[in-house]
Amino acid sequence: MSIDPQIIVILAILAVLVFVIIFSIIKGLLRTIWLAVAACCAIVTWMFVQSKGFTLISCVTSSPRPWMVQTLAWTAAIFVLLLFFHCLSWFAMLFGFKKGKAGFCNILTTSLMCILVVWVSSIAVSYYGTISRVSYYHDLAEAHYHGAETPSIPLFTQCKYIIRNADCFAWLEAIDPLESPAQSNLACLIAYGCSLSEPEYTRFYQEHLVKLNVPHSARFLELFADEGLRKLVAEGRFVSLLENDRLNTFLQFADTAAKMEHVPGLL
């Protein structure tokens with residue numbers, strides 16, 4: 001049984017029309033999804049460069065600096081965003097997206113994008129606040145034991161806790177994929193202990209860390225003595241310190257992570 005070619009053409013035209021109609025209806029949602037993917041890719045790029053930045057920059061210069069890593073990370077993240085926005089503009093021209101029309105879809109899209117921007121901004125501020133906090137404890141150790149000037153609480157750390165303590169933004173912490181109080185607290189203690197000599201960090205351990213009742217707490221001394229961790233602290237590579245596998249291994253033992261979530265005396 002043969003099908004009339006005219007019927008095939010009509011069905012094809014109807015299929016295209018249905019596709020165009022459906023695509024026009026959901027284009028706002030597609031734009032939101034695309035921008036969400038762009039934001040996520042930018043965050044992943046930023047995190048990757050933050051963790052591998054010193055290795056990447058060492059290919060160019062023998063003396064990489066923290067500010068170089070930050071510049072490279074933000075440049076890479078912005079480049080990814082611009083690339084996605086360029087693709088979005090190209091698709092908009094290709095499919096004839098119209099701009100400037102008010103309507104439910106536009107309002108919904110704008111609202112979702114506002115929520116997304118708030119969420120991504122909160123993640124960025126929180127993560128920088130955590131890194132600044134780890135750096136702060138290194139400076140604090142220098143002040144307590146080596147006569148350096150007492151540091152002030154970093155701006156990003158203050159902003160993080162202002163946001164986290166605000167009732168209207170408290171929910172952001174629950175959906176922050178980078179938030180880990182236990183790992184953050186441990187990194188602060190490691191940054192503090194690795195800034196000290198062996199007699200100094202042994203005294204610090206005996207006076208402050210034994211009372212935390214962390215399983216096999218003498219493991220703190222092993223981390224303080226670790227040459228790799230001490231090098232990260234000395235070079236100011238606090239992003240690499242925060243993500244270090246030795247810290248993750250430390251937290252996985254028994255209920256160590258639960259104990260480290262709330263450490264008295266830490267910001």
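All values derive from a computational prediction rather than experimental measurement. All values below were derived from every heavy atom in this structure, side-chain atoms included, with hydrogens, water molecules and symmetry-related copies excluded. Residues: numbered from 1 along the sequence shown.
Judged by distance alone, with hydrogens and angles left aside, the side-chain atoms of Thr202 form a donor-acceptor pair with the main-chain N or O of Glu198 at under 3.5 Å. No side-chain donor-acceptor contact under 3.5 Å links Asp255 to the backbone of Ala258. In terms of modelled atom types and a separation under 3.5 Å, the side chain of Arg230 and the main chain of Phe224 share a donor-acceptor contact.
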Apply side chain to side chain contact (heavy atoms under 4.5 Å, CB included) to the pair Gln183 and Met260, showing each step before the final yes or no. CA-CA 8 Å; Gln183 190 166 344; Met260 290 301 302; over 6 Å; no
Residues Glu179, Lys160; criterion side chain to side chain contact (heavy atoms under 4.5 Å, CB included); working and verdict: CA-CA 11 Å; Glu179 185 69 23; Lys160 173 180 178 177; 3.4 Å; yes
Just do the side chain to side chain contact (heavy atoms under 4.5 Å, CB included) check on Leu242 and Leu247 with the steps written out, would you? CA-CA 8 Å; Leu242 182 66; Leu247 274 65; 5.7 Å; no
Could you go through Arg246 and Leu223, starting from their C-alpha distance and side-chain angles, then the distance that decides it, and tell me whether this counts as side chain to side chain contact (heavy atoms under 4.5 Å, CB included)? CA-CA 8 Å; Arg246 291 216 57 186; Leu223 294 180; 3.8 Å; yes
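The environment of CZ in Phe79 is sparse: at most 12 heavy-atom neighbours from other residues, nucleotides or ligands sit within 6.0 Å. Remark: Glu149 CD is loosely packed, at most 12 non-hydrogen atoms of other residues, nucleotides or ligands lying under 6.0 Å away. Other residues, nucleotides and ligands place no more than 12 heavy atoms under 6.0 Å from the NE2 atom of His216.
Side-chain contact annotation: Gln252 with Thr249, donor-acceptor N/O pair under 3.5 Å absent. Counted by atom type alone, Arg219 and Thr256 present one or more donor-acceptor pairs between their side chains at under 3.5 Å. Residues Ser217 and Tyr205 bring a donor and an acceptor atom of their side chains to less than 3.5 Å of each other. Between the side chains of Asn185 and Arg133, at least one donor N or O sits under 3.5 Å from an acceptor N or O.
Ring-centre distance between Tyr128 and Trp46: below the 6.0 Å cut-off. Taking the ring centroids of Phe204 and Tyr192, they lie under the 6.0 Å cut-off.
Atom OG in Ser184 sits 8.0 Å away from atom CD1 in Ile131 (nearest 0.5 Å). Taken to the nearest 0.5 Å, the CD atom of Glu261 stands 7.5 Å off from the OG atom of Ser180.
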